[in-house]
Amino acid sequence: MIRETLARLIYEATAEAQRQGSLPATEIPNVVIERPRRTEHGDYATSHPLKMMSHISRAVTQAPPLTPLEVARRIVQHLERAPFIGRVEVAPPGFINITLDDGWLAHQVDAILEAGERFGCVDLGRGRRVQVEFGSANPTGPMHVGFGRNLVLGDSIANLLEAAGYQVQREYYVNDAGNQMENFGESLYVRYCELLGRDPAPESGLRAGEIPEGGYRGQYIIDWARRIIEQEGDRFLTMPYEQALPGIRDLGLQIAMEEIRHDCARMNIHYDHWFSERSLYDPAFSPELGMSVFDHVMALLRQGGHLYTANGAIWFNAQALGGDKNEVVIKSNGQPGYFASDIAYHYNKFVQRGFEWVIDVWGADHQGHVPRMKAMMKALGLDPDRLTLYIYQMVTLLESGEQVRLSKRAGTQVDLREVLDDIGPDAVRFFLLARSADSQMDLDLDLARQQSDENPVYYVQYGHARIASILRYAEEQGRTDEEADLSLLTHPSELALIRKMLELPEVVALAAENLAPHHLPHYAQELAAAFHTFYRDCRVVSSDPADAELTRARLRLVKAAKLALARTLKLMGVSAPERM
RNA sequence: GCCCCCAUAGCUCAGUGGACAGAGCAACUGCCUUCUAAGCAGUGGGUCGCAGGUUCGAAUCCUGCUGGGGGUGCCA
């Protein structure tokens, strides 16, 4: 990347200046290259001379003292003029501003086209394996719209890490074991009986038409119970309750997973692996251990002295490893709690499957779990830094100005599917992606519906469709970009567009390093804006014979722009339409 | 009480310690007789929550305060 090269050149120029005695020999701080806000400050800038000052003033006490501006000049004198460097200027109080060379810029169009689908990729990961686990909603109902943020962030982070040279696995953790699943099964069972006009089995302890405490009250439970009846009839009434409940529960699980898979597909999200929580308790899943993953992990923790018994429950001593509080692993009723699964699951990820790095995408309502997860890593003898718990702040829904209280169990949630039907997956993805994960977002459903046509995603897609249209027109006219002379691209709007395209690798690097996919939508808008401005200023397919060569060059330019836009949209998981 | 996140234009939000703080939406004004006006160009709009501190330089880092959200279950 240009930026890295520049940093190296500035560093070397500084070292050279020191060698030749034009600067005092001091430590040289890391060179930071930034993109200045103002165009007159060039494409890249560094305040390196200013940062040098603290070292220099410490090293020399001579008079007259060196000014930062003079330091900048002396560094520039020794700067190697790489082909991409056009103008180099020093500016008070001590900046070095660098402008890219126009001719070099124009020829980058070919470099972009040669990169093709790899354009925008950088190699930060060097092939390291990373798992991104996201989505992972409880399969006890339809996906809630707030969860869309989890899906979009997780998938876009995975896209970014792939583009940044990591080998990425996308995983969905199916919470098909545990308490919530049982509550879900009981709720379905009650509705099932109700629809068939029968009372729940006496040994169930359930009462006709009454959803038990902690159960699921949504309308969908009734719909799903009806689907089970359509599929299976009343056969669960004629078998013992201890068989009927798991039977109904698992059919409900199947329905939930079908819905979830369907919603994910609509969101353009495709998982590499769906991992079942139950398998952690199944000895057949891990024959090499001779026992279930859970039992194996419990033995390990016991050997390590991380477990103790109190009040009839088995606890994990997280406080001894820096956790904020201790945590129940096995409840006093003998059932493993959710933390038990988390431990076994992460043992599986790191030890059995060998991921070097794992990212779990969690909502802020789970942030309290972070310390005990880190403690768990230590207890398993794993470096806690290999586990990133990526926390995003919650989405709050507003409907006609009122906060909507959301609960899957109470049945007051707004389904993701509903919003997908209203405003479409591209707008949903763009909207949910455009804010930093650290800031909570208010989603005003009325406003979102009303403004769905104003969503910036269409602005970006329109740029892509417009180029597609130009290329179609060129083909009709029998015009091509063959033998294009790129040096004809000299118009400021042409060069501005190329400059903007060349930022993509930097954006990918920035967003991947900081796990901050919200940079993508912002960049996408800037890129589209650069194209739209170019479109206004520069006719691509010209009927004037004098412009025949320019047409070739511009056709190649817009091909590159189409690629850059498509790549950016792809990273966001948004479609790139050929027409709109 | 303690822990985490946030506070920037009327609204929703960007802003890797740098130069005069930006975008979209909303408001107002222009621009379609050759490639898509879902576009372009322009105008107005700010004590970056408050108070200190670090720094040559702070919206950005540190401390305190105020306000909002989340967490602090043998629920997940």
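Chain letters run A, B, ... following the sequence lines, proteins first, then strands; residues in each count from 1. Owing to the predicted nature of the structure, the values given are computational and were not obtained by experimental measurement.
If you check every strand for non-hydrogen atoms under 4.0 Å, A:His519 touches sugar and phosphate atoms only. Residue A:Ser47 is in base contact, counting any heavy-atom pair closer than 4.0 Å across all strands shown. In this structure, A:Ala468 reaches neither bases nor backbone, as no heavy-atom distance under 4.0 Å exists between it and the strands shown. Residue contacts shown for A:Ala364 are limited to sugar-phosphate atoms, with no base heavy atom under 4.0 Å away. Counting any heavy atom pair closer than 4.0 Å across all strands shown, A:Glu182 reaches no nucleic acid atom. The residue A:His366 sits close to a base: some heavy atom pair falls under 4.0 Å. At the heavy-atom level, A:Asn311 lies under 4.0 Å from base atoms of the strands shown. Across all strands shown, A:Asp544 has no heavy atoms under 4.0 Å from either base or sugar-phosphate atoms. Using a 4.0 Å heavy-atom cutoff across all strands shown, A:Arg479 reaches no nucleic acid atom at all. Among the atoms of the strands shown, only primed sugar atoms or phosphate atoms (P, OP1, OP2) are found under 4.0 Å from some heavy atom of A:Tyr459. At the heavy-atom level, A:Glu34 lies under 4.0 Å from base atoms of the strands shown.
Heavy atoms only, all atoms of each residue included: A:Met143 and A:Ala137 are closest at CE-CB, 4.2 Å. Closest of all the heavy-atom pairs between A:Arg554 and A:Arg539 is NH1-O, 2.9 Å.
The side chain of A:Gln180 has B:A76 as its nearest neighbour among B:G18, B:A76, B:C13. Among B:A14, B:C5, B:A76, the nucleotide with an atom closest to any side-chain atom of A:Gln393 is B:C5. When the nucleotides B:C74, B:A19, B:C75 are ranked by their closest atom to the side chain of A:Ala45, B:A19 comes out on top. Comparing B:G73, B:U16, B:G70 against the side chain of A:Lys325 picks out B:G73 as the nearest.
The base-pairing partner of B:G17, taking Watson-Crick or G-U wobble contacts with both distances under 3.5 Å, does not exist among the strands shown. Searching all strands for a Watson-Crick or G-U wobble partner of B:A37 with both distances below 3.5 Å returns nothing. Base pairing annotation: B:U72 forms a Watson-Crick or G-U wobble pair with B:G1, both donor-acceptor distances under 3.5 Å. Pair check for B:G52 finds B:C62; Watson-Crick or G-U wobble, both atom distances under 3.5 Å.
Note: CD1 (A:Ile33) to P (B:G17) measures 15 Å, nearest angstrom. Regarding A:Glu526, its CD atom lies at a distance of 11 Å from the C1' atom of B:G15, rounded to whole Å. In this structure, A:Ile391 atom CD1 and B:C5 atom P are separated by 11 Å, rounded to whole Å. Across the protein-nucleic acid pair, A:His518 atom NE2 and B:A14 atom P stand 6 Å apart, rounded to whole Å. Rounded to whole Å, atom C1' of B:G69 lies 12 Å from atom CG of A:Asp365. Atom C1' of nucleotide B:U12 and atom CD1 of A:Ile423 are separated by 14 Å, given to the nearest angstrom. Rounded to a whole Å, the CG atom of A:Leu69 is 15 Å from the C1' atom of B:G18. Atoms CG (A:Asn30) and P (B:G17) sit 13 Å apart, rounded to a whole Å.
Here the side chains of A:Gln440 and A:Asp438 are not in contact, with every heavy-atom distance at 4.5 Å or above.
Between the OG1 atom of A:Thr568 and the CG atom of A:Leu527 there is a distance of 5.5 Å, given to the nearest 0.5 Å.
Contact annotation: A:Lys331 reaches the phosphate of B:A76 (side-chain N/O to OP1 or OP2, under 4.0 Å). Look at A:Tyr462 and you'll find a side-chain N or O under 4.0 angstrom from OP1 or OP2 of B:A38. Using a 4.0 Å cut-off, no side-chain N or O of A:Lys51 falls inside it from OP1 or OP2 of B:C56. Distances shown here put a side-chain N or O of A:Ser439 below 4.0 Å from the OP1 or OP2 atom of B:A14.
Comparing the P positions of B:G44 and B:C6 gives an interatomic distance of 33 Å, to the nearest angstrom. Nucleotides B:C75 and B:U12 are separated by 34 Å at their C1' atoms, to the nearest Å.
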- Task: If a protein heavy atom is under 4.0 Å from the base, mark B; if only from the sugar-phosphate, S; if neither, -; do that for nucleotides 20-35 of chain B going 5' to 3'.
- Result: B---SS--------BB

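Judged by a 6.0 Å distance limit and a 45° cone about the ring axis, A:Arg466 is not positioned over the six-membered ring of A:Phe531.
Scanning atom types as modelled, no donor and acceptor separated by under 3.5 angstrom connect the side chain of A:Gln367 and the base of B:G71.
Taking the six-membered ring for Trp, A:His366 and A:Tyr338 have ring centres at least 6.0 Å apart. You'll find the ring centres of A:His369 and A:Phe339 outside the 6.0 Å limit. Two rings, from A:Phe534 and A:His491, have their centers 6.0 Å or more apart.
Annotated as syn: B:C32, whose glycosidic dihedral is within 90° of 0.
Nearer the 5' end of RNA chain B, as judged by each residue's closest nucleotide, is the contact made by A:Tyr458, out of A:Tyr458 and A:His369. For the pair A:Ala434 and A:Glu277, both in contact range of RNA chain B, the more 5′-proximal nearest nucleotide belongs to A:Ala434.
Looking at A:Asn326, its side chain does come within 3.5 Å of a backbone N or O of A:Ala318 through a donor-acceptor pair. In this structure, A:Tyr173 contributes its side chain and A:Gly135 its backbone to no donor-acceptor pair below 3.5 Å.
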